[in-house]
Amino acid sequence: MAHTIVTNVCEGVADCVDACPVACIHPGKGANKKGLGFFWINADTCIDCGICLQVCPVQGAILAEERPELQQVG
Ligand code: SF4
Ligand code: SF4
């Protein structure tokens with residue numbers, strides 16, 4: 001299992017990127033529906049530790065479950 005960044009809720013703050021112990025959070029290309037940059041979690045390398053969810057300041061941007069339909073990758 002992995003955590004998920006909801007592409008259109010993320011505000012690109014990137015607090016999660018530095019906090020992730022396995023560096024599996026990557027910048028997405030372009031902008032989301034808010035017109036902001038966004039990040040995505042690689043489900044293949046995420047260890048489901050939950051640290052990103054603890055540090056993210058944006059309510060609902062990270063989910064503690066694997067929801068690939070909500071997350072744009074690359
Ligand atoms: S998931 Fe949260 S902490 Fe990570 S980039 Fe998006 S808004 Fe910022
Ligand atoms: S749950 Fe842990 S390993 Fe997975 S993206 Fe968040 S901080 Fe990284």
Side-chain angles (χ1 to χ4, degrees):
M1 286 297 289
H3 279 49
T4 298
I5 293 178
V6 183
T7 299
N8 288 317
V9 178
C10 177
E11 297 188 356
V13 185
D15 290 357
C16 58
V17 177
D18 290 337
C20 177
V22 295
C24 69
I25 306 178
H26 308 289
K29 291 193 182 78
N32 63 12
K33 283 189 177 156
K34 292 179 175 177
L36 298 171
F38 63 92
F39 287 79
W40 60 280
I41 292 170
N42 185 337
D44 292 336
T45 46
C46 173
I47 58 170
D48 226 19
C49 69
I51 292 172
C52 54
L53 182 54
Q54 291 171 33
V55 302
C56 177
V58 180
Q59 182 85 22
I62 297 180
L63 302 177
E65 55 187 334
E66 198 168 341
R67 297 289 297 277
E69 74 278 14
L70 298 176
Q71 178 180 256
Q72 185 176 323
V73 301

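Computed from a prediction, not measured in an experiment: that's the story for all the values here. Start at 1 and go down the list; that is how both ligands and their atoms are numbered.
- The two atoms that bring I25 and F39 nearest to each other are CG2-CB, 3.8 Å, heavy atoms only.
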Test Q72 against N32 for side-chain contact (heavy atoms from CB on, under 4.5 Å), laying out the working first. CA-CA 9 Å; Q72 185 176 323; N32 63 12; over 6 Å; no
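- Residue contacts with ligand 1 for V13 involve both N, CA, C or O and side-chain atoms from C-beta outward (heavy atoms, distance under 4.0 Å).
- Note that SG of C20 is 8.0 Å distant from NE2 of H26, once rounded to the nearest 0.5 Å.
- Of all protein N, O or S atoms, those under 2.8 Å from atom 6 (Fe) of ligand 2 number 1.
- Separating the OG1 atom in T4 from the CG atom in L53 is a distance of 11.0 Å, to the nearest 0.5 Å.
- Of all protein heavy atoms, the one lying nearest to atom 2 (Fe) of ligand 1 is C56 SG, 2.3 Å.
- Criterion: ILVMFWY side-chain heavy atoms under 4.5 Å apart, direct or through other members. Under it, V58 and L63 are part of a common hydrophobic cluster.
- Residue A14 approaches ligand 1 through these ligand atoms, each under 4.0 Å from one of its heavy atoms: 5 (S), 8 (Fe).
- Under the 4.5 Å side-chain heavy-atom criterion for ILVMFWY residues, a single connected hydrophobic cluster contains both L70 and V9.
- With hydrogens left out, the protein atom closest to atom 7 (S) of ligand 1 is E11 N, 3.3 Å, a heavy atom.
- Here the CG-CD1 distance, from D18 to I51, works out to 12.5 Å after rounding to the nearest 0.5 Å.
- Near V22, meaning under 4.0 Å from one of its heavy atoms, ligand 2 places the atoms 3 (S).
- Looking at atom 6 (Fe) of ligand 1, its nearest protein heavy atom turns out to be C10 SG, 2.3 Å.
- Scanning all heavy atoms of the two residues, the minimum distance from V6 to G60 falls at CG2-O, 3.6 Å.
- Closest of all the heavy-atom pairs between M1 and E66 is CE-N, 3.5 Å.
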